[in-house]
Amino acid sequence: MDGKMAHTADINEILYQVKQLDKEDQLSLLEKIVSLLKKEEAQAQHPVTISSLAGLGAEIWRNIDIDQYLENERQW
């Protein structure tokens with residue numbers, strides 16, 4: 001069985017299982033699929049870059065003397 005036929009068989013199995021659900025569960029599943037697709041689309045449109053992480057966590061270090069912190073870390 002080639003890849004496309006296996007893929008079609010998987011989809012057919014999923015559809016069979018979906019048909020076994022009641023209408024409320026089918027609608028819930030559909031909402032989850034739409035949400036998943038929207039999330040993936042949003043991530044594809046706005047990829048994270050290293051430069052966008054600049055300053056992340058700065059509030060943790062706000063009141064810490066970095067030189068003293070590093071010196072303490074080197075002591076053990």
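Excluded from the calculations below are hydrogen atoms, water molecules and symmetry mates; all remaining heavy atoms, backbone and side chain alike, are included.
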Separation between CD of Gln75 and CG of Leu70, rounded to the nearest 0.5 Å: 11.5 Å
For Glu24, does the CD atom sit with more than 12 other heavy atoms under 6.0 Å from it, leaving out its own atoms? no
In the single-linkage hydrophobic clustering (I, L, V, M, F, W, Y; side-chain heavy atoms under 4.5 Å), do Leu37 and Ile14 co-cluster? yes
Quick check on the hydrophobic clustering: are Leu36 and Leu27 connected, directly or via other members, by side-chain heavy-atom contacts under 4.5 Å? no
Would you tabulate the side-chain donor-acceptor contacts of residues 48-55 under 3.5 Å, counting partners in other chains and residues two or more places apart, or write 'none'?
unit_1	atom_1	unit_2	atom_2	d
Thr49	OG1	Ser51	OG	3.2
Thr49	OG1	Ser52	N	3.3
Ser52	OG	Thr49	N	3.4
Ser52	OG	Thr49	O	2.6

CG of Asn12 to NE2 of His7: how many Å apart, nearest 0.5 Å? 10.0 Å
Here the gap from Leu30 atom CG to Ser35 atom OG, rounded to the nearest 0.5 Å, amounts to 11.0 Å
Hydrophobic clustering (ILVMFWY, side-chain heavy atoms < 4.5 Å, transitive) - are Ile33 and Val18 grouped together? yes
In Å, rounded to the nearest 0.5 Å, how long is the span from NZ of Lys39 to NZ of Lys32? 13.0 Å
Measure the spacing between CD of Glu13 and CG of Asp10 and express it to the nearest 0.5 Å. 8.5 Å
Between Asn72 and Gln68, do the side chains contain an N or O donor and an N or O acceptor separated by less than 3.5 Å? yes
Heavy-atom closest contact (Gln26 atom, Lys19 atom, distance): NE2-CA, 3.6 Å
Going hydrophobic residue to hydrophobic residue with side-chain gaps under 4.5 angstrom, can you get from Ile60 over to Ile66? yes
